[in-house]
Amino acid sequence: MSEAELELFLQASVRLGAPLALAALGEAVTERAGVINIGLEGAIIAGALGGALGALAFESGGAGVLAGALAGGIVALVFAAFAVGLGTDQIITGTAVTLGGLGLTGAVYQARFGATGTALTLPTLAPVRLPLLADIPLIGDALFAQAPTTYLAYALAPALWYFFFRTEWGLELRAVGEQPDAAAAAGVRVRRVRLLATLLGGTLAGVAGAHLALAHAGTFAENMSAGRGFIAIAVVALGRWNPPWVLLAALFFGAASALQYLLQALGLDLPYQLFLAIPYLLTLAALAGWLGRARAPAALATPWPPPR
Amino acid sequence: GGDAGPGEGDAPLRVALLTAGPVSDAGWYAGAYEGLLAIRDSLGAEVSHQQTRTPAEFDEAFLAYGSSGYDLVFAHGFEYQDAAMRAGEQFPATTIVVSGGGRVAANVIPFIFELEEGSYLAGMLAAGMSESGTIGMVGGVEIPPVQGTFRAFEAGARAVDPDVEILEAFTGNWDDVAAAKEAAAAQLARGADVIIHNVDAASFGVFQAVREVVGMGRTAWALGMNRDQNDVAPDVILGSAVIRIPEAFLEVALALQARGLGGEPIYEGASEGVVDFVLNPALSSRVPPDLVGSMDAARERIRSGELAVPRVPFVETESGIR
Amino acid sequence: MIAVRARLDGVVRRFGSVEALAGASLEVRAGEVHALLGENGAGKSTLLSILGGMLRPDAGTIEVGGRQVALASPRVAWALGIGLVHQHFTLVPPLTVLENLALGRRLQPARLGRTLTRLRAEAERLVQRTGLDVRLDARVEQLAVGERQRVEILKVLLRDPSVLVLDEPTASLAPAEVASLFELLRGLAAEGRAIVLVAHKIDEVLAVADRVTILRAGRTTFSDVRSKVDAASLVRAMVGESVTDVAAAVGVVVVASGSARAAAVGVGVGASVTVDDAARRRPGGLVATLADVRMHASVGRPALEGVTLEVRRGEIVGIAGVQGNGQRELARVLSGRSLPDSGSVQLPAGVGFIPQDRTLEGLIGDFDLAENVALALHADPRFTGPAALRWDAVRAEAERVRTRFSIVASGTKAPAYALSGGNRQRLVIGRELLVASDLLVAEDPTRGLDVAATAFVHDQLRRATETSEGPGVVLISGDLDEVLALSDRLLVVSRGRLTPVPENARTREGVGALMLGDSSAAA
Amino acid sequence: MPRPDRFRLGAGWVGAGAVAATGAVSALLLIVGGYDPFEAAGAALGGAFGSADAFLSVTLVRSIPLMLTGLAVAFAFRAGVWNIGAEGQLLAGAIAAAWVGLVGRALPAWLLLPMLLALAAFAGALWALVPALMKVRLGVGEVITTLLMSFVAIELTAFVVRGPLQEPRGVFPQTEAIAAGARLPALVPGTRLHLGVVLAVVAAVAVAWLFRQTKLGFRMRAVGASPEAARMAGKIDTGPVTLVAFLGSGALAGLAGGVQVAGVTYALYEGYSPGWGYTAIAVALLAALDPLWVLATALLFGALEAGAAAMQRDAGIPAVWAVAVQALLILAVLALDQMRRRANAGSAGV
Ligand SMILES: Nc1ncnc2c1ncn2[C@@H]1O[C@H](COP(=O)(O)OP(=O)(O)OP(=O)(O)O)[C@@H](O)[C@H]1O
Ligand SMILES: Nc1ncnc2c1ncn2[C@@H]1O[C@H](COP(=O)(O)OP(=O)(O)OP(=O)(O)O)[C@@H](O)[C@H]1O
Ligand SMILES: [Mg+2]
Ligand SMILES: [Mg+2]
């Protein structure tokens, strides 16, 4: 492998990891509050479409990101209205929200651009080279010549860590995810915390979708989220619900995905399905080897107040 | 939908379309849907479309259309072929046309688009335009139409430059634009400078990857597939291998109305004018005239049957597999 | 005129078809310690939860500080100065004690560090003042029940409530801690606060209360000042039955069986009656042996350091100790629930086990009574066919347990989560007595039981060990009166080691000293 | 995770209410999209229940894989094993079934068919064994591992239909049709309804019996409800019970894959499952993990899908709209069910 290829591999790792990181960091907040939002996939695809429409309307990638964030937040609001407000089962609600997100984005897309789709070319979110950092050999370009949304992910990891473990709000959030009854007894507004955590998660998933459309693909296609919402949920667990680890896990997953393209480009004569399975196999190996024994928030997926 | 109008005269033709993916892909399925609408508009046919998500739905869909008396069902994908054979037996009055299918019965007709003929020309162009001597192919899922176009692309390229190196990658699906982009980017990094795709809706990722390296000062090109994508990324797409699916569908419907389809596979290729390779007018000046000349010559030889483009034979007939 | 801090009137609360409160009233005044008494399931916890904003009443009025209020949530209650120490813990296990104290305080929302620093100082001061010893930096999940209880109390005290409500705070505290807690409560009352206290030990209650209110079956049946009541009248008001029953409940249980032994236990009123040892037979054969058992606790330091113990049939071996000295691990090893790191363990087949934490370890909240009884019977051939459980037999057994232990529940199909704290404990004890044909390991078996139930359980334990064919009983308890009264042999567990209590040290003081690791008392 | 809390979905007004609320919201959505809601509703109802054939050949046939995977999920969840990888286990079963159905041509049907089903179940269990061992031996949470195994199974399916099991022409990424003797016979002649539905009902009854009556089922429920109490009060060794839950769940999901191959598609394809294993989670949870109720909720989801397909065909509603309406229906059912539960609980909710 040449150095150029290695460098490209690293760049691809970060490119593929960034949307996962954004969505997973948001989901980490949601899950720390005891809510598992399986509807993340729906929020990502909504973010992608919102990003595309916003970028077109305002002719600006930045506006697109904001629109994508809003779209993801709206999807999360629907989820929260049912799962947090009404206390419906989070898994079923999330399933429905993903289904609805994929369906409605398709419907809106077709209504706007015709039933047979169109070749959307979007104003993109151009990479920004960070001075000095981007000049670091090998990893400089990969890490520090990326779209602004990638830097958002970098910044969120320590910021969320601080929030979780160094603020009283974070303490309340964690308590709500572990023992909502105890949190409520201490005067914490459990449902409000859960609502806000879910909204933040959806908003970041929306940013992840906008990033996919504007910083990565430069277009929108139906189903272009391609299961990243579910991968992000796995990434949260892989990162043990701890933001810096979640970021690393997302980048690890990005690298494992990038590896498949690298290996295919190298022309190894193996069935390509093997390459496609690499990210999952590597993650399994990582879990078995040294990343196991993570403990989820105890009240994850438990409605509050409890149904009894 | 609704009931077939009780006719003074002939009841309208009833035509259905089955696709295994969204028709908003601006590609393979979109073409079929446009064909269906063309049939509706030109022939006054009553039309219906269903997108299936799994092979388990195939029999059900045929059952629904067969039992409610549809005349013609376009099953737009090879995967429908087995269920089509079962349905053909059960509903003799319904004609089923299976795009890319491999099995034939009196009323089950494989509909073969010889896109190979277009991608052979694309291969010629790719090898002729490549400065690095490396070109790439990015596929979605490795299915016969994709294999066919890629083998023909290789043959066309080798015809121009026997030593050309050809990379191949698959992303495993048709929707993941980001994955298609990364696959193309990896090939570009390995030195490929002309990339063709067969990833349907995700093709934009390929174009985007090419655009980005061009933006960094390299020379690289992309090639479109399935439909004329030249205006999608007019700055990087040299040309497209196209199938004129809507026209072909309309022709099939007309033929059915006029005389029936008669249990024979339908081949639509360059000689029928359904498959072609179209240069991007915006960039045609960049293509050396003698390359254009040899492509034109090849086109003529294909049309006349003189040049046999490699194909993956798969239609099972009494005389063997063709 | 003393200010009325809080008044609940005509409060009704239903759970489905169960009417937990059917018109209960309670008036709490500034400067008083107000004891709320009642049998298990009388509605005490429900009433206090309403006062703490955890539950909403179906009917009735609540006044706080002279104004009618709707206590819609714990936040509201906190804001009105009402602090509730729950009967079931409301702590977040993976957080540290200090973090639990900080939860919901909003002192410095964006700077947890500062909040913690400030609370640490306050908490340390409070620990000093109250004698409630807690490790501020330990995670709650590492703590034994007693220590958790101390954290609960500390948590509420730190918020400086004007109405302090405590639901059975003493059930898992050591005697010395109970004494200092009560001293503290008196002090707080003297500052003008109102204290509401639920406890089952009438002697304790009478020692500290200014006023007593009694709930029976969801209704307030009695309320008066301390000076006008005595133990017998209180029990009568609680139970509302004939005098002999009352006497039994208060402390003198006359065993009316044909047995030669007339055993008497004194609990409840504190006047211990010594056991008529002569009447007891010699213990029988060896049923369980531990030899040089060592074990690590799930976290941290060694829990058992070379424990050797022999248990014989028909004897009650009392093991006294302050929570967190290894009794949890000892109980698990003795009951075959855990394997030690080293040492030999010989156990019989029929082992009953009453664990320390009934809610998490003893019962399954979502299971009904019969299913909870099945937890002990599912491996017993008498209750199983080749694959299936004989549910009819299990259910019949559960019904027997229910009636024998007077468990207040709609039937054997009632889920365990709907039982009051005391009734949960009754269920566990009743079930374990079924299977303890050879050995019964009991940790604080009467924790949270009302007077009558405590007496009944003690009686059951003594009856079981009446003959040398009966099971051996290991009674692990922090309740000195209980172990002193019941044990044939008494040991003290301290820092993972067992020390026999010499005959001359079998007093509250002597054992108490040993529990705290003072070996000179044994000499 | 939610605790099993038995309830009755069919309770009269819930059904009526669900229909009303859903009708209103979906109608609004369709009108905004420019479609006729009444035509859509007619088509959907007709497609799901309109005739005996619609019900038997479409709705019921669609619900069979959901019944079996729903049971698989309930089986695991009841024991506290959060197996969200029924999808992968189903695919493993489908692969095994296709293999048996292809290589066993020489065998008589009475032997071949049971063998196919048994091997499908076995393969599903085997696929669940990896996360099971990772959980029991290494303590790795199963939510992520079972999900990852599903992604691997999808690629494995894609591989086998191009490699070892590809049809003899070597062109199409699919298998040849399995032997006639390997196919599940029709239950009602003239319809597509196959014997798999009987299998699903028998499995549901068996699982219900297991949970309600047997020692093993009791132990599974105890471990699921409270592992701590199961160990302390029940003296139950949770490891083996957890293993059984994984394997049984995997076997049921694998059986679902086998039944689909033997009863519906007769061949294996890439992209074989539209996500039955994931829908199954919703099916099982909506049934409050009660095996018999799984049959009913699977039927509900089967009808939803049948209706969505018919809406496309007969009312010209595009697939994306049909999916959106389906999502709304699920939300409406959830919401109404929740309100009914609250009402039933009286004032118990805090
Ligand atoms: N059905 C719902 N849909 C959307 N949001 C809801 C719904 N129900 C509640 N919420 C939001 O959740 C928040 C929390 O609601 P809840 O009433 O439980 O808490 P609160 O009133 O803020 O606190 P407390 O009850 O502890 O005083 C509300 O502020 C509201 O915005
Ligand atoms: N969540 C619930 N669901 C159903 N019934 C309940 C629930 N909580 C309490 N009950 C019932 O309400 C009654 C009163 O219970 P409560 O806990 O108030 O009793 P208590 O006086 O505190 O008893 P103890 O001394 O045993 O703690 C009991 O019969 C109990 O079974
Ligand atoms: Mg109580
Ligand atoms: Mg509120």
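Numbers restart at 1 for each chain; the letters A, B, ... are given by sequence-line order, proteins then strands.
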| remark: On a heavy-atom basis, the closest approach of Ala327(D) and Ala96(A) is CB-O, 3.2 Å
| Under the salt bridge (Lys or Arg N to Asp or Glu O under 4.0 Å) rule, what pairs show up with a residue in residues 315-333 of chain D, not counting sequence neighbours? | none
| query | Among Val152(D), Val320(D), Leu156(D), Ile281(D), which has the most heavy-atom pairs under 4.5 Å with chain A? | reply | Val320(D)
| Shortest non-hydrogen contact from Leu147(D) toward Phe230(A) | CD2-O, 3.7 Å
| task | Report the distance from atom OH of Tyr278(D) to atom OG1 of Thr95(A), rounding to the nearest 0.5 Å. | result | 11.0 Å
| said: I need the residue from Ala115(A), Gly103(A), Pro279(A), Gly101(A) with the largest number of non-hydrogen atom pairs under 4.5 Å to chain D. | reply: Gly103(A)
| Over all atoms of both residues, closest heavy-atom pair of Val140(D) and Leu287(A) | CG2-O, 3.6 Å
| said: Rounded to the nearest 0.5 Å, what separates atom CD1 in Ile91(A) from atom CZ in Phe77(D)? | reply: 6.5 Å
| Separation between CD1 of Ile154(D) and CD of Gln273(A), rounded to the nearest 0.5 Å | 12.5 Å
| query | In this structure, which one of Thr297(D), Thr279(D), Ile330(D) forms a side chain to side chain contact (heavy atoms under 4.5 Å, CB included) with Ile92(A)? | reply | Ile330(D)
| said: For chain D, which candidate among Thr93(A), Val108(A), Val235(A), Ile278(A) shows the most heavy-atom pairs at distances under 4.5 Å? | reply: Thr93(A)
| Partner chain D: residue of Gly100(A), Gly106(A), Ala107(A), Ala277(A) with the largest heavy-atom pair count (under 4.5 Å) | Ala107(A)
| request: Show the numbers, then the answer: is there a side-chain contact (heavy atoms from CB on, under 4.5 Å) between Ile144(D) and Leu238(A)? | output: CA-CA 8 Å; Ile144(D) 169 168; Leu238(A) 190 62; 4.1 Å; yes
| Pairwise distance CG(Leu104(A)) to CG(Leu328(D)) - rounded to 0.5 angstrom | 7.0 Å
| message | So for Gln90(A), is it side chain, backbone, both, or neither that comes closer than 4.5 Å to the heavy atoms of chain D? | response | neither
| request: Keeping to residues at least two apart or across chains, list the salt bridge (Lys or Arg N to Asp or Glu O under 4.0 Å) pairs with something in residues 149-165 of chain D. | output: Glu142(B)-Arg162(D), Arg162(D)-Glu270(D)
| request: Please report the C-alpha distance between Met134(D) and Leu284(A) in whole Å, then the side-chain angles of each, then the deciding distance to 0.1 Å, and finally whether the side-chain contact (heavy atoms from CB on, under 4.5 Å) criterion is met. | output: CA-CA 9 Å; Met134(D) 282 178 80; Leu284(A) 277 170; 4.1 Å; yes
| From Thr283(A) atom OG1 to Phe151(D) atom CZ, the distance as rounded to the nearest 0.5 Å | 10.0 Å
| request: Can you tell which part of Tyr272(A) gets under 4.5 Å to a heavy atom of chain D, answering side chain, backbone, both or neither? | output: side chain
| said: What part of Ala111(A) gets within 4.5 angstrom of chain D, counting heavy atoms only: side chain, backbone, both, or neither? | reply: neither
| query | Can you name the closest pair of heavy atoms from Leu86(A) and Ala335(D) and give their distance? | reply | CD1-CB, 3.8 Å
